[in-house]
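Shown next, in C-alpha cells, is the structure this report addresses.
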Number of protein chains: 2
Amino acid sequence: MVKQDDIREIIINVARNIFTKFGFRKTTMEEIAQAARKGKSSIYHYFHSKEAIFIAVVDKETSTLHLALTEAINTASNPEDKLRAYIHTRMEAINNLANLYSALRDEYLDHYNFIEKIRYSFDNKEITMIKEILVDGVNKGDFIIDDLEMTAFGLITALKGLEYPIFVKKEYVDFEKKFEGLLNILFYGIVKKKKFILRPTKKRI
Amino acid sequence: MVKQDDIREIIINVARNIFTKFGFRKTTMEEIAQAARKGKSSIYHYFHSKEAIFIAVVDKETSTLHLALTEAINTASNPEDKLRAYIHTRMEAINNLANLYSALRDEYLDHYNFIEKIRYSFDNKEITMIKEILVDGVNKGDFIIDDLEMTAFGLITALKGLEYPIFVKKEYVDFEKKFEGLLNILFYGIVKKKKFILRPTKKRI
DNA sequence: TAGTCGACCAAAATACAATATTAGTCAAAA
DNA sequence: TTTTGACTAATATTGTATTTTGGTCGACTA
C-alpha cells in the first residue's frame with residue numbers, strides 16, 4: 001500500500017517537528033494527531049506507541065545522516081579526505097540536529113532507557129563507518145594504525161566531546177578552523193620526526 | 001592562628017565526605033556540623049555559606065590534583081613523557097574523584113551557576129598546564145604545533161570526552177591501554193609518512 | 001577576642017490530596 | 001482498511017499544609 005506508508009510518513013514528519021520543539025516527554029499524542037489532521041486513536045493504527053513514533057523519527061533522521069555521510073565518503077578520493085569529509089559532514093549534521101538531540105539529552109535522566117538504546121545503536125553504526133574508513137586507509141597503505149578498535153573509539157569519543165560546546169555555546173563560528181587543526185593532529189601527530197628514528201613500537205600490557 | 005585553620009580543615013574534610021556521598025543539594029549544614037562535632041551556627045564562623053564550603057572542598061581537591069600533576073610532569077624527562085604522565089595522572093585522579101564529580105554533574109541542572117564557574121576555572125588551569133607542556137615541547141624542538149590554543153583545546157576536549165565512559169560504565173579496566181593508543185596517535189598521527197615528502201607547514205593566523 | 005551555640009526566621013523543600021492530562025484500548029462506523 | 005469517539009488506568013499537575021534547611025543574631029563562654 002502506498003497510502004499507508006504515506007500517512008506514516010506524514011506522522012513521522014509532523015512528530016519530528018513537535019519532538020524537536022518540546023522534547024519527548026512534553027509532546028502529546030493529541031498534538032501529533034492534530035498536526036497530522038487525524039484523530040488521536042488513528043495514530044495508533046500506524047504506530048503502537050509514542051515511543052514507536054519517536055524511534056521512527058530518529059531512525060529516519062539517522063538514516064538520512066547515514067546517507068549524507070556515505071555520499072561524502074564516496075565523493076572523497078583518498079582515505080585521508082574521506083575522514084575529513086566524514087567529520088565535517090557529521091559535525092554539520094549534529095549542528096543542525098542540535099534541537100532533536102537536546103531533546104534526547106534533556107530527558108535521558110528520566111530513565112527512558114529506550115533512548116539509551118537509540119544512542120547505543122547510533123554509536124555502533126558510527127564506529128562501524130569510521131572503522132571502514134580506517135581499514136580502507138590501512139589497506140591502501142595511507143594509514144598506519146596499531147589498534148583499529150581503539151583508534152575508532154578514540155575518534156568517536158573526541159567527536160562526541162566536541163559536540164558539547166556546540167550545544168551550549170554558540171561557538172560554531174570558528175569550529176571549521178578548529179576541526180581542520182585537530183584533523184591535522186590526527187593525521188600527522190605533533191611529534192617532530194627525526195632522521196633515522198623509526199616510530200617506536202611498544203609492548204602492550 | 002593555628003586552631004582556626006585546623007577547624008576549617010576539619011570542616012572541609014568532613015564536608016568532602018558528605019558531599020561525595022549525597023551531592024551538594026542533599027547535604028545539609030546540620031550534617032556537616034554534626035560530623036565536625038560542632039553546632040550548626042559554629043560552622044558559619046568559618047564559612048559564610050554552604051557554597052563557600054563546597055568551593056573550599058573543590059579548591060582543596062583541585063590543588064591536590066594540581067600538585068600531583070606538577071610532580072608527574074617534573075618527574076618526566078622530556079615533553080612527550082610529560083604529556084603522557086599528565087594524562088595518566090589526570091585520568092587516574094578523575095577516576096578517584098568520580099564521586100565528587102558526579103555530585104557536580106547530577107545537580108548542574110538546577111542552575112547552580114557557581115558550579116559552572118568552578119568547572120570553568122578548573123578548565124582554565126588545565127588548559128594552562130597543557131599549553132605549558134606543549135610550549136616546552138615546541139621550544140625543545142620535540143613538537144611541531146601550528147596552533148597552540150587549538151591543540152590544547154582539542155586535547156582537553158578529548159580528555160573530557162573520555163571522562164564520560166568512566167562515570168557511566170565501569171570501563172576503566174582496559175582504559176590504560178586505550179590511553180596509550182590515543183597518545184600514540186596524538187604524537188605520531190595515523191598517516192604513513194612517505195619518503196621525500198615533508199609535513200606541510202601551514203601559515204599561522 | 002575568638003569560638004560556640006540555642007533560639008529564631010524566611011525561604012525552600014517535601015508530602016499529600018484533589019484535579020486534570022494523557023497514553024493506550026476497543027467497539028462501532030465509514 | 002481506516003477512522004474515530006467514548007472510556008480507563010496511569011501519570012502528571014496543581015494547590016496547600018507541613019517540615020526542613022540555610023542563614024542571622026545576640027548571649028554565653030574560655
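So that the names make sense, note that chain A is the first sequence line, chain B the second, and so on, each numbered from 1.
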Quick one: B:Arg8 CZ to C:dG3 P, roughly how many Å, whole number? 11 Å

Taking all heavy atoms of B:Tyr44 and all of B:Ser49, pick out the closest pair and write down the distance. CE2-CA, 4.2 Å

How many whole angstroms separate atom NE2 of A:His45 from atom C1' of C:dA30? 13 Å

Do B:Asn13 and B:Lys60 have a side chain donor and acceptor closer than 3.5 Å? yes

When rounded to whole Å, the NZ to C1' distance for the pair B:Lys38 and C:dG3 reads 8 Å

For atom CD1 of A:Ile11 and atom P of D:dT2, their distance in whole Å: 11 Å

Can you check the B:Asp6 CG to C:dT4 P distance for me, whole Å? 11 Å

Parallel, tilted or perpendicular: which one describes the rings of A:Phe54 and A:Phe24, with boundaries at 30° and 60°? perpendicular

Start with the C-alpha gap between B:Tyr86 and B:Glu126, add the side-chain angles, then the distance that decides, and say whether side-chain hydrogen bond (donor to acceptor under 3.5 Å, both in side chains) holds. CA-CA 10 Å; B:Tyr86 179 93; B:Glu126 192 152 36; 3.0 Å; yes

Would you say A:Ile133 and A:Met129 make side-chain contact, with heavy atoms under 4.5 Å? no

Report, one pair per line, the protein and nucleotides 21-23 of chain C atoms (nitrogen or oxygen only) whose separation is under 3.5 Å.
| residue | atom | partner | partner atom | Å |
| --- | --- | --- | --- | --- |
| C:dA23 | OP1 | A:Thr27 | O | 3.3 |
| C:dA23 | OP1 | A:Met29 | N | 3.4 |
| C:dA23 | OP1 | A:Lys50 | NZ | 3.2 |
| C:dA23 | OP2 | A:Met29 | N | 2.8 |
| C:dA23 | N7 | A:Lys40 | NZ | 2.8 |

Among the nucleotides C:dG3, D:dT4, D:dT2, which one has an atom lying closest to any side-chain atom of A:Ser41? D:dT4

Distance in angstrom units between B:Ile43 CD1 and C:dA2 C1', rounded: 15 Å

Can you find a heavy atom in the side chain of A:Phe122 that is under 4.5 Å from one in the side chain of A:Val58? no

